[in-house]
Amino acid sequence: MRIQGCLRSMLVALAVATSALAAPACSKSPEITAESIDDNWALTEQHEPGSVVMTVAPDGQVKVLVKDRDGKPLEEGVSGAVTVKAPGNGGAPTTVELVPEPKSGGVLTAKLPPLEDDLTEVGYTFKAKGSELKGVLHVPRGGTRELEENAKNGQDTTLDGKKGPNGGVLQLVGDDVIEIVADKDTGDLRVYVLDLNLKPVPIGEREIKLGITTGGGSEVIVLAPGPDRLYFTGKLTVKVNPTKITVVVKDGGHTDVVLCGHRPRSVIVVGPSAPVLGILVATTWTVKVVANPTVIVHDDDDDDGRVIVIHKGKGKGKWRHKHKH
């Protein structure tokens, strides 16, 4: 009986080994493909020759897909690199070549240092079909996913097309409405925090920095509190209207980062045809600050026994909330 048992075990082991040799080798499928990259918190920048679809993760993992003018992924003939320039890194940029991801349909990958700053400047350069595509993203700690999620949170606001009290650009950042404006002659930059009537209010203990992109380059500007903390001040290196502004607002240990005017999964036009954000104005800097933000209460006339309370508050949330009357 023992001999038969040993023989049976040997036959089973031989069958398993033979099966393993006959089976084809398994290859790991790519995590992100040309078909799925748009659904993985990527930002798309449209250039004249084509578009760049890029996702940057908090750990520094970069995935990129280059498309032609017709939106078709380019699987071959694409080369490029990404360069990271993080604040506090001594000004020394880190450049990493991108490599193709097998069986992904054209996705390129690179590994940058982890995102540890409020804004990390990630530049890219690609060559495809005889054309060069260059650009830069200002990415928060949460990567491109954080920018897309914050764009989703603010997509129902009604600030589009409106100008601030000083003629600047308005943007919702978390629960704050801010105005970004600069003197067209001097380049002096101011950022105001506004109440719901779009009147400036004291900035409190907030901290703000801006990632500015123009046709000639990009920079990160750390703003300083103005007199009596009524607004923030800074200065543009180049006195031109920017094509992109990424805003960081820190308040009470909470940080919000948004890309001005961006909507989820919308295409960002870059290059010579990119629209600009009109922050440069002729101004005399007339400032009237409201000491206490306004609270507005009114009936919403839907007979549900509730009223709409519009308020300023901390943390995440909408401007408009319904409460029992």
Q: Would you name the heavy atoms of Ala81 and Thr95 that are closest together and state the gap between them?
A: CB-CG2, 3.9 Å

Q.
Could you tell me if the side chain of Pro140 sits less than 4.5 Å from the side chain of Leu147, heavy atoms only?
A. yes

Q | Minimum-distance pair of heavy atoms, taken over all atoms of Asn197 and Asp195 | A | N-OD1, 2.9 Å

**Q.** All side-chain contact (heavy atoms from CB on, under 4.5 Å) counterparts of Val238, not counting sequence neighbours
**A.** Val240

Would you be so kind as to tabulate the donor-acceptor pairs closer than 3.5 Å made by side chains of residues 55-68, with sequence neighbours excluded?
residue: Thr55; atom: OG1; partner: Asn40; partner atom: O; Å: 3.3
residue: Thr55; atom: OG1; partner: Thr144; partner atom: OG1; Å: 3.4
residue: Asp59; atom: OD1; partner: Gln61; partner atom: N; Å: 3.0
residue: Gln61; atom: NE2; partner: Ala110; partner atom: O; Å: 3.3
residue: Lys67; atom: NZ; partner: Asp38; partner atom: OD2; Å: 3.4
residue: Asp68; atom: OD1; partner: Asp70; partner atom: N; Å: 2.9
residue: Asp68; atom: OD1; partner: Gly71; partner atom: N; Å: 3.0
residue: Asp68; atom: OD1; partner: Lys72; partner atom: N; Å: 2.8

Q) To the nearest 0.5 Å, what is the distance between OG1 (Thr109) and CD (Glu97)? A) 12.0 Å

Q.
If the condition is side chain to side chain donor-acceptor pair (under 3.5 Å), which residues does Glu45 pass it with, not counting sequence neighbours?
A. Tyr124, Lys244

Q | ring pair (Phe, Tyr, Trp, His ring centres under 6.0 Å) contacts touching residues 55-75 (sequence neighbours left out) | A | none

**Q.** Single-linkage hydrophobic cluster, 4.5 Å side-chain cutoff, Val281 and Leu194 together
**A.** yes

Q.
Thr186: which residues meet the side chain to side chain donor-acceptor pair (under 3.5 Å) condition with it, sequence neighbours left out?
A. Asp188

Q: Compare all side-chain heavy atoms of Val169 with those of Ile245 and state whether any distance is below 4.5 angstrom.
A: no

**Q.** Val270 vs Thr243, side-chain contact (heavy atoms from CB on, under 4.5 Å): CA-CA, chis, key distance, verdict
**A.** CA-CA 7 Å; Val270 297; Thr243 56; 5.9 Å; no

Q. Going hydrophobic residue to hydrophobic residue with side-chain gaps under 4.5 angstrom, can you get from Leu108 over to Val84?
A. yes

Q) If two hydrophobic side chains count as joined below 4.5 Å and joins carry through other members, does Leu236 share a cluster with Val136? A) no

Q | Derivation of the side-chain contact (heavy atoms from CB on, under 4.5 Å) call for Lys250 and Val248 | A | CA-CA 7 Å; Lys250 302 177 73 171; Val248 180; 4.1 Å; yes

Q.
Quick check against the 3.5 Å criterion: does Gln171 have a side-chain atom that pairs as donor or acceptor with the backbone of Gly261?
A. yes

**Q.** Joint cluster assignment, Val139 & Met54, ILVMFWY side-chain distance < 4.5 Å
**A.** yes

Q: For Lys111, look at atom NZ and say whether over 12 heavy atoms of other residues, nucleotides or ligands are found less than 6.0 Å away.
A: yes

Q) Judged by modelled atom types alone, do Thr213 and Ser218 share a side-chain donor-acceptor pair under 3.5 Å? A) no

Q: State, yes or no, whether a side-chain contact exists between Leu277 and Ile180 at a heavy-atom distance under 4.5 Å.
A: no

Q: Drop me the distance from Ile32's CD1 to Glu35's CD, to the nearest 0.5 angstrom.
A: 12.5 Å

(Q) Measuring from atom CG of Leu223 to atom CD1 of Ile203, what distance do you get when rounded to the nearest 0.5 angstrom? (A) 9.0 Å

Q) Restricting to pairs with a member in residues 219-228, which pass salt bridge (Lys or Arg N to Asp or Glu O under 4.0 Å), not counting sequence neighbours? A) none

Q: Would you confirm whether Glu48, through its side chain, and Gly271, through its main-chain N or O, come within 3.5 Å as a donor-acceptor pair?
A: no

Q. Does Asp39 have any side chain to side chain donor-acceptor pair (under 3.5 Å) partners at least two apart in sequence or in another chain, and if so, which?
A. Arg265

Q) Which side-chain hydrogen bond (donor to acceptor under 3.5 Å, both in side chains) pairs, counting each pair once, include a residue from residues 130-140, with sequence neighbours left out? A) Glu121-His138

Q. When rounded to the nearest 0.5 angstrom, what distance separates OG in Ser104 from CD in Glu31?
A. 11.5 Å

Q. Hey, quick one: are Leu43 and Leu115 part of the same hydrophobic cluster, counting side-chain heavy atoms closer than 4.5 Å, chains of contacts allowed?
A. yes

Q. Do Asp117 and Leu119 come within less than 4.5 Å of each other through their side chains, counting heavy atoms only?
A. no

**Q.** Evaluation steps, side-chain contact (heavy atoms from CB on, under 4.5 Å), between Glu179 and Tyr231
**A.** CA-CA 10 Å; Glu179 179 189 20; Tyr231 49 82; over 6 Å; no

Q. Would you say the side chain of Leu230 lies within less than 4.5 Å of the side chain of Pro200, judging by non-hydrogen atoms?
A. no

**Q.** Contacts of Thr246 that satisfy side chain to side chain donor-acceptor pair (under 3.5 Å) - sequence neighbours left out
**A.** none

Q: Please go through Val99's hydrophobic cluster and name the other residues, only I, L, V, M, F, W, Y counting, with side-chain heavy atoms under 4.5 Å joining them.
A: none

Q: Sort and list the pairs that fulfil ring pair (Phe, Tyr, Trp, His ring centres under 6.0 Å) and have at least one residue in residues 208-230, not counting sequence neighbours.
A: none

Q: Please list all pairs passing the salt bridge (Lys or Arg N to Asp or Glu O under 4.0 Å) test where one or both residues lie in residues 135-149, with sequence neighbours left out.
A: Asp118-Arg141, Arg145-Glu149

Q. Looking at Ala128 and Leu74, what are the two nearest heavy atoms and their distance?
A. CB-CD1, 3.8 Å

